[in-house]
Amino acid sequence: MGPSEAIDGMVARVVGAPAEPWSLLLGQLGRGLTWLALVGFLVAVVAGLAGKEKASRAGYLTGFAGLLGAFSSLLVLFLTDQFQYEYVFGHGAADHEMRYKIAGVWSGQEGSILLWGVCSGLFAVLALRAVGGLRRWYTVVTAAVLGWISAISVFESPFDLVPGSGAVPIVPPTGQGMAPSLLNYWVTIHPPTIFLGFGSLLVLFGWATAAVIGRDLDGWIKPVRPWAITSLTLLGLGLAMGGFWAYETLGWGGFWMWDPVENTSFVPWCMVAAMIHGAFIQIARGTWRLANVVLASAPFLSFCYGTFLTRSGFLGDTSVHSFAEMDRSALWLLITLMLASMGGFAGLLIARRQIFRKEPTQAAPEHPVERGNFYAAGVWLLTAFAVATAVGMSVPLIQSLSGQAPKVVEERLYNTVLAWVFLPLMLLMAVGPFVSWRGMPLRELVGRLLNVLAVSIGLTGCLMLWLVSGWNGFPSDREAQTTVFLRWTVPQTPWIVFVSWFCLFALVANFWRLIESWPKAKSSVGPFLTHIGVVMAVLGLVVSRGLEQRELVTLNSASPVEAFGRQWMAVGPTMSFADRDNKIEVMVNSKEGMGTMKPGLYYMGTNSEGEPRPMVWPAIDHRGWYDLYLVVHGIAFEATEPTELKPGEQALLRSEQMLVTYHGLRTEGTLGTASAKFFAKLTVKTPTETFNVEPMMSAGEGRAPAPVGDKYQILLTRIDAATKAAFVQINYRQPAYPAEIFYKPLTLPVWLGVGIMTLGGGLAAWSRRTTRRRDPGTGFAEPTSDSAEKDAPEPVAQS
Amino acid sequence: MGGMNQFRRSRRAGAFAWSLGSVLLGTTVVVGFGAMVAAFLGNASPYVTVQEAKQQPGDNLHLAGDIVPGTLKMSAPSQTVSFMVRDEQGDTLPVVYRGAQPSNMGAATKVVAVGGHKSGVFEARKLLLKCPSKYEGS
């Protein structure tokens, strides 16, 4: 919080009521609980290292209870408007609805770190039983991380009172509230979902490292799978919600724009997907033991790296998200956490390198065309996708570390570079499901794929026809061009259709396999559904972003404006312009009939020039095959800027639609007095009509504009007495609304795909859950799994 | 005996194929990674000063600076936003952006204009705004 806000706070305190004692106690309790969490997790680490099972578990559960309690305390402070707390004051407001009061908890840095801790703790505790024999080291590793997060919460506490509070703080009547652009239902549901996804990554990391420390690289891979799939599903759903939020909020460039914050969750998502496919290889062949340990840890490590990158200030101007910089000591804790977990993990792998050497339990078939190789290729491509994204988002850091001028990676560069990985990945997703574990000749594979290929090409043709003809929509722009692979300029529509074919190929292939395998193997329904969902969503993203069209128009209530084969006409505001829920009613007339759209527009405060500041929300008309997306940017009366004309001069105004001729000045009344009136003798020619008009201005009586048709009027804004020059301006007779209209084809698959993906993920996780082993052990006994490794030195703790 | 030899030979051939595969995979990974980093670094949009903006070609230059007070003009009719930008060296350049004005335009003091320089004017295709209220730390 900056000094100005602190002063605001002090001013507000003067008129507030004294804080109630329980609220102060609750804040103290919350702060104490973060300390309790820190101590609890420390105990869990130390006791775990010493082999004291009960103490370790007690510390662990106490730590989680501390985090949960601190989070709940903060929630209560928000729900009961305790604005004497700096964090509540900065992010809450008395007039916020319940959902925004809840969302206030995580709308700032302190609260989101607490949310991260609670979500991580929740998953870590839930998985305690499932990890079975690896529990001891799993507890140590995850408790170390959770303790670290608790420490960040202790240093960057949301339970600080507003600075300068006395013994009995005064509660300001309201807080500053969330930024108006955040006030949207997604702020209540998106962050908890994505943070649950982030939290679940700790389970994978803890389990994988515990497997290495505990020297059991075979037992963990099956039971970890449902957890990994749950992670993938939650992250995927969270990412999608973020995308929908971005879509429904202006200026974020559609669903997805490769923003560093988006990438911070996308990279782990890719890595979890890679790990899930790597696990298949290990389960079938007994190989990829080292790879899977790395793949399971990479999501958590890359999330830590992304968080560091977005919070450290290195990204500066390159993100649409703007962050208050972290408290210095909290930032150092975060950096230490990242470096310690990365360094500790690498050190652990080196120390334990001998355990990764093991003969495969089952040899790979002679034929190279076998499922294992396809999974391997998939893992490589998914990893390449993640690494490329991570490199792209690190460019500002690389530049600044190497002392060079900062650079930014823009959305289109990501698209261009990632296309190299994306297209082969889609091919693999199409072909892979048809390849058997036993291996098959290439000819047989091609034979099985012919039908799928034919159907996908047919569908691609339909897509092309639909886009070009504009059937049930609007034809795509045939002139548009795009640059592909950093080199070639190609027509845009065929390029997008070409990319769509890759998606359709994968879509049809997985659908085909779903139907084929339905009667035999119900457990494969989940994976195929997930594939179908992902590909559908991506297809929608590619087409809706690649072929979106935009028109800038000025809507008014006098006559309709033409755009995308429709007539658009503003009716007017539904409420006052100061009301947050104000909408501009717009009539849309098309072949299908008349409809209305209601984009939001209200004014809040003033800008640095003293003008009222517009806040806007788009209106989206989901039409099935396409979306119409309308944003009204403000209210305007001027149709042109003032233009200077000397007697006898002409000017083309209003996009050359009006020819204005100035004949000279006529005066009435006594010059030099307030009653003097000046008339500009004008002829205004429009394409259809000619008007001879005399707009007037006077010192005493103001200005009298002269109407030019139904829609416009002409105004005399100023005269120059020396040259007799007149300044004229065309105004709208009714208020006009500068607006942006987007046509976005094929957005429905994005929404549908996300639903199918989530359903598929849920099914896949459910059907892969393992029934608990009879004697899971506690992990606190000596490892007995591998007698050959009994002579190895005593396991050392990860530092 | 012949079967044993054949087995040995196939094992040796397998080992050879395996190491060849590893080398190929390793080379692909290294070359691919290098190419990808080069593609990102080489084509990323540079941040430029006014002087550099005037000299460098391209429409992906990021010109960062302060909006010179009093020069901001937002014309709703033509949907253009124009202002003078002053970089850290103190050089100024007029910036024109065509499109709907960003909703928080008026509150912004610092701006990053993305675009290119054309005959004395920086034509922006995107404006990234910094609003003082969000930047508590600086």
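Within every chain, numbering begins at 1; the chains are lettered A, B, ... in the order of the sequence lines, protein sequences first and strands thereafter.
Residues passing the side chain to side chain contact (heavy atoms under 4.5 Å, CB included) test with B:V50 are B:K54, B:L63, B:D87, B:D91, B:L93, sequence neighbours excluded. Every residue two or more places apart in sequence or in another chain that forms a side chain to side chain contact (heavy atoms under 4.5 Å, CB included) with A:Q481 is listed here: A:T489.
Taking OG from A:S402 and CG from B:L41, the interatomic distance works out to 7.5 Å, rounded to the nearest 0.5 Å.
Within 6.0 Å of atom CH2 in A:W380, 12 or fewer heavy atoms from other residues, nucleotides or ligands are found, so the atom counts as exposed in its surroundings. Environment of CZ in A:R285: crowded, with over 12 heavy atoms of neighbouring residues, nucleotides or ligands closer than 6.0 Å. Counted within 6.0 Å of CZ on A:F485, heavy atoms from surrounding residues, nucleotides or ligands total more than 12; the atom is thus considered enclosed.
Smallest separation of non-hydrogen atoms from A:L413 and B:F40: CD2-O, 3.8 Å.
The contact between A:Q399 and chain B is made entirely by side chain atoms (from C-beta outward), counting heavy-atom distances below 4.5 Å. For A:Y737, no part lies under 4.5 angstrom from a heavy atom of chain B. Looking at A:V553, the atoms closer than 4.5 Å to chain B (heavy atoms on both sides) all sit in the backbone: N, CA, C or O. With a 4.5 angstrom heavy-atom cutoff, A:W420 does not touch chain B via any of its atoms. Heavy atoms closer than 4.5 Å to chain A are found in the side chain of B:V29, but not in its backbone.
Side chain of A:K407 to main chain of B:Y47: no donor-acceptor pair is present (N/O by atom type, distance under 3.5 Å, no hydrogens or angles).
Under 4.0 Å is where a charged nitrogen must lie from a carboxylate oxygen, and between B:R98 and A:E740 no such pair does.
Heavy-atom pairs under 4.5 Å with chain A peak, among B:V48, B:V114, B:L25, at B:L25.
Residues A:V421 and B:M36 have side chains not in contact (no heavy-atom distance under 4.5 Å, counting atoms from C-beta outward).
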